[in-house]
Amino acid sequence: MPITAATLAEAADHMVEAALAARRRPGRPLYVTSANGQVIALCHQDRAVRDLFLAADVIHADGQPMVFASKILCARPLPERVATTDLVHDVMRRSGAAGLRHFLLGARPEVNERAVEHLRHAYPDVPEIAGHHGYFRPAEEDAVLDAIERFRPDVLWVALGVPLEQRFVMRNRERLASVGVIKTSGGLFDFLSHAKSRAPRFVQDVGLEWAWRLAQEPRRLGWRYLTTNPLAAWLLLSRSGD
């Protein structure tokens, strides 16, 4: 996968600039996604999933081990990790002056509501932030898309989990012409709503945030990490380049 070599600030600037450009020239929204160890393993095992990521305009490195591997093996190393849980705040800090509107799609109803409330409280200068939970049936998807289109967000954050959120984007990207940027977001809303806590910064910096999350949710994440982390590590060491 082609991973974008950008700092967190550069990634936020790009999203804001793309959202503003889309106001002047509406069309297909910019599709931004992220890769981590789980994604690397899934893309290696399933070509259909890999194609969903290759269709993105931008793929950020949402995993510190990817940064470490790039510094050892790549001619142009990644400058830093661009975690969605950090990126959202950098984008929000720029959104007040830019006048950007945001829509959060995904998570349980109460989690989505709290995430929206916390962002509104943290960034009162952002014009509008709205949301809709991710527990809708296929037959209800058209109604959800209509709600997004009526709101006309500059940035749509989609947190349905991998690869459901990528499938949602590819299925509906052409229809969401009023949206400037679509960013897939994984478990972002759990952190925005304070349903889950992030690892301390030093744990993140040494590439062990996955261990922190595993300690919090061993039953849900244990098998995932056991099956994806070793494969992802091997792929990073054997396939990284450029």
Side-chain angles (χ1 to χ4, degrees), residues 4 6-34 56-58 60 62 82-136 140-160 165 168-169 172-196 198:
T4 300
T7 65
L8 190 63
E10 289 169 344
D13 286 340
H14 184 216
M15 286 182 60
V16 170
E17 290 164 5
L20 291 174
R23 287 183 175 181
R24 298 188 294 269
R25 290 184 297 176
R28 192 172 69 170
L30 182 77
Y31 166 25
V32 183
T33 192
S34 303
D57 298 302
V58 178
H60 291 141
D62 194 350
V82 181
T84 308
T85 40
D86 296 320
L87 179 63
V88 64
H89 295 291
D90 276 47
V91 172
M92 289 292 172
R93 280 190 285 269
R94 292 159 168 76
S95 292
L100 300 186
R101 296 152 52 89
H102 296 262
F103 195 99
L104 278 59
L105 175 64
R108 301 188 306 276
E110 66 277 11
V111 171
N112 187 285
E113 290 173 7
R114 287 200 299 270
V116 170
E117 289 172 4
H118 289 162
L119 284 178
R120 287 173 177 168
H121 177 75
Y123 304 99
D125 60 334
V126 175
E128 289 188 80
I129 304 173
H132 190 288
H133 66 81
Y135 284 73
F136 54 88
E140 299 171 314
E141 185 166 291
D142 279 344
V144 172
L145 292 169
D146 287 342
I148 296 171
E149 283 288 281
R150 285 194 300 271
F151 186 77
R152 300 181 67 84
D154 295 291
V155 182
L156 171 63
W157 304 85
V158 181
L160 302 174
E165 59 196 27
F168 177 88
V169 174
N172 299 302
R173 189 179 182 186
E174 300 295 335
R175 177 169 172 178
L176 294 171
S178 65
V179 178
V181 178
I182 302 176
K183 174 68 178 79
T184 62
S185 306
L188 171 65
F189 302 167
D190 286 329
F191 297 105
L192 292 179
S193 67
H194 302 164
K196 297 177 184 176
R198 291 200 69 189

Measure the [atom1]-[atom2] distance between [X] and [Y] for me, rounded to the nearest 0.5 Å.
{"X": "Asn172", "Y": "Glu174", "atom1": "CG", "atom2": "CD", "result": "10.5 Å"}
{"X": "His60", "Y": "His14", "atom1": "NE2", "atom2": "NE2", "result": "8.0 Å"}
{"X": "Arg152", "Y": "Ser178", "atom1": "CZ", "atom2": "OG", "result": "5.0 Å"}
{"X": "Glu140", "Y": "Asp146", "atom1": "CD", "atom2": "CG", "result": "12.5 Å"}
{"X": "His132", "Y": "Asn112", "atom1": "NE2", "atom2": "CG", "result": "8.5 Å"}
{"X": "Leu87", "Y": "Lys183", "atom1": "CG", "atom2": "NZ", "result": "6.5 Å"}

Looking at side-chain heavy atoms only, is the closest gap between [X] and [Y] below 4.5 Å?
{"X": "Val155", "Y": "Val16", "value": "no"}
{"X": "Leu105", "Y": "Phe168", "value": "yes"}
{"X": "Arg175", "Y": "Ile148", "value": "no"}
{"X": "Leu192", "Y": "Leu104", "value": "yes"}

Minimum heavy-atom distance [X]-[Y], with the two atoms named:
{"X": "Ala11", "Y": "Val82", "value": "CB-CG1, 3.8 Å"}
{"X": "Leu188", "Y": "Thr84", "value": "CD1-O, 3.9 Å"}
{"X": "Val88", "Y": "Trp157", "value": "CA-CH2, 3.6 Å"}
{"X": "Leu100", "Y": "Pro127", "value": "O-CD, 3.3 Å"}
{"X": "Ala115", "Y": "Ser193", "value": "N-CB, 3.8 Å"}
{"X": "Leu30", "Y": "Ala18", "value": "CD2-CB, 3.7 Å"}

Could you tell me whether the side chain of [X] and the main chain of [Y] form a donor-acceptor pair under 3.5 Å?
{"X": "Arg120", "Y": "Ile129", "answer": "yes"}
{"X": "His133", "Y": "Tyr135", "answer": "yes"}
{"X": "Arg25", "Y": "Ala21", "answer": "no"}
{"X": "Glu165", "Y": "Gly186", "answer": "yes"}
{"X": "Thr33", "Y": "Tyr31", "answer": "no"}
{"X": "Arg173", "Y": "Pro29", "answer": "yes"}

field: side chain to side chain contact (heavy atoms under 4.5 Å, CB included) assessment of Lys196 paired with Val111
entry: CA-CA 10 Å; Lys196 297 177 184 176; Val111 171; over 6 Å; no
message: So if I apply the side-chain contact (heavy atoms from CB on, under 4.5 Å) rule between Asp154 and each of Glu128, Arg23, Met15, His102, which one comes out positive?
response: Arg23
task: Please assess Leu176 against Val169 for the test side chain to side chain contact (heavy atoms under 4.5 Å, CB included), listing each intermediate value before the final yes or no.
output: CA-CA 9 Å; Leu176 294 171; Val169 174; over 6 Å; no
